[in-house]
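Working notes, structure below.
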Amino acid sequence: MNIDLPNVQHFEDFYIWFNKEKKEEYYSTPMYFYKADFDIDYDKRLRYVHWKNKEGTDNGLKQPATLYFPFADKLGLFLLRFINADLSTYDSAYKDFFYAYGYEILLDIDEEYKFELKNNYGNDETYLQETKKIYSTLKDQLLNIQENIIQAINYIYNIYDEEDLKPYTYSQRYAVYLIKRKGALYSYRKNDNVIQDNYSNKFEEFIGMSEENLLNNLKEKNMLIAMSNTHKSNDVSSICYAILEELSKTENYPIKKCQNCGMYFIPNKRLDEIYCDYPKEKGKTCREQGAILSYNKRLQDKTPYGEYRKLYQQKFAFVNKNKQNKQVKKEFDIWKKQAKEKIFKLKHNELTEDEVYEWLKKQ
């Protein structure tokens, strides 16, 4: 199959490509921009989509896409948005995911169910009516795809810290997951059309630069123009497959699960990050909340209750290691009785926290 990139603008199809050096992904898709908008960086020729609370699609009018002013995101963000999305309702699915990518990515996920997205629905009410019908029809399939992608990520990135998977790289686990068909991921490549990058495709990108300047620019930087294959697909499962394949080849770029909210994320700075930086309803990210939780936990550990729990666990473990020593068990029982009495008096305001804490520290 001979697949070409669109010349300038297009009203159909989703395209995505990657830059692993910059850890970025770029995509081109026509959009209705209902509760969505974008900013343009003219120097970099990139667009950045963002959510907006104001409703409106310019009367159901679809805006054309362009490969030469594509949308830009952190590498892997499409995949993360999809697996973290609440797909239980049309509104939540749109807010979490579809506002940024449009509905072209659903055109080919069902061979039997074919639908058409018009360039102009005439008004927002008709646009919502039609897209809600599409979502309702495909919802169960989307939920199934989401679950299968999550299962693959759990294995490839060893989310649950299984010992037998630790010695292997992401790419090795990815290969085994597909070869052994441990999930449905292997079947998701059917609608992924890969367009090989070549210098002929660079015409529009460098049309404004003279031949001499282009030659000198390449010579001075002693480099070749970077090549990146483009994936054309109208199937969300195939897009996720392509991204996951790319991510699995990128070492030191893991997918993790936030220990606060449970959402999947890619660390920004440190590989040992355990909290995501997605903004939450109250304004603070899990990373910010995590710092507060850690601080409060440290404070809690310095209370009489925290000290009691710590000492109890230490003494109980010591008794278990010395089960034959009756004196050790006897001393533990005496301490336990005394400690419980102290905690009881603390709860009934007969002793202060400082008094109980100091007594425990001497034990």
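In this chain, numbering begins with 1 at the start of the sequence shown.
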### Query
Is it true that F82 and Y101 have ring centroids separated by less than 6.0 Å?
no

Check: residues 149-159 side-chain donor-acceptor pairs under 3.5 Å, at least two apart:
{"unit_1": "Q151", "atom_1": "NE2", "unit_2": "E147", "atom_2": "OE2", "d": "3.3"}
{"unit_1": "N154", "atom_1": "OD1", "unit_2": "Y264", "atom_2": "OH", "d": "2.7"}
{"unit_1": "N154", "atom_1": "ND2", "unit_2": "I150", "atom_2": "O", "d": "3.4"}
{"unit_1": "N158", "atom_1": "OD1", "unit_2": "D161", "atom_2": "N", "d": "3.4"}
{"unit_1": "N158", "atom_1": "OD1", "unit_2": "E162", "atom_2": "N", "d": "2.7"}
{"unit_1": "N158", "atom_1": "ND2", "unit_2": "E162", "atom_2": "O", "d": "3.1"}

Should D333 and K329 count as an ion pair when the cut-off is N to O under 4.0 Å?
yes

ask   = Within 45 degrees of the axis of the six-membered ring of Y186 and under 6.0 Å from its centre: does R181 put its NZ or CZ there?
value = yes

Cation-pi between K23 and Y253: NZ/CZ under 6.0 Å from ring centre and within 45° of the ring axis? yes

> Any cation-pi pair here, K35 with W51, using under 6.0 Å and within 45°?
Replying inline: no

Notebook entry, point to check: Quick one: do R47 and D41 make a salt bridge, cutoff under 4.0 Å?
Noted result: no

Aromatic ring pairing Y32/Y121, orientation class (parallel under 30°, perpendicular over 60°, tilted between): tilted

Under 6.0 Å between ring centres, would you say that holds for H231 and F18?
-> yes

By salt bridge (charged side-chain N to carboxylate O under 4.0 Å, His left out), E341 pairs with (sequence neighbours left out) none

Rounding to 0.5 Å, atoms CD1 (I134) and CG (L138) come to a distance of 7.5 Å

- Message: Parallel, tilted or perpendicular: which one describes the rings of F14 and F78, with boundaries at 30° and 60°?
- Response: tilted

- Task: Decide side chain to side chain contact (heavy atoms under 4.5 Å, CB included) for L106 and F98; before the verdict, give the C-alpha distance in whole Å, the side-chain angles of both, and the deciding distance to 0.1 Å.
- Result: CA-CA 10 Å; L106 300 182; F98 287 101; 3.7 Å; yes

Sorted by chain and residue number, the salt bridge (charged side-chain N to carboxylate O under 4.0 Å, His left out) partners of E211 (sequence neighbours excluded) come out as none

Whether Q172 side chain and T169 backbone form a donor-acceptor pair below 3.5 Å: yes

Note to self: Could you check whether D108 pairs with K190 (Lys NZ or Arg NE/NH1/NH2 to Asp/Glu carboxylate O, under 4.0 Å)?
What the structure shows: no

Those residues at least two apart in sequence (or on a different chain) that pass ring pair (Phe, Tyr, Trp, His ring centres under 6.0 Å) with Y241 are none

By salt bridge (charged side-chain N to carboxylate O under 4.0 Å, His left out), E355 pairs with (sequence neighbours left out) none

N119 meets the side-chain hydrogen bond (donor to acceptor under 3.5 Å, both in side chains) criterion, sequence neighbours left out, with none

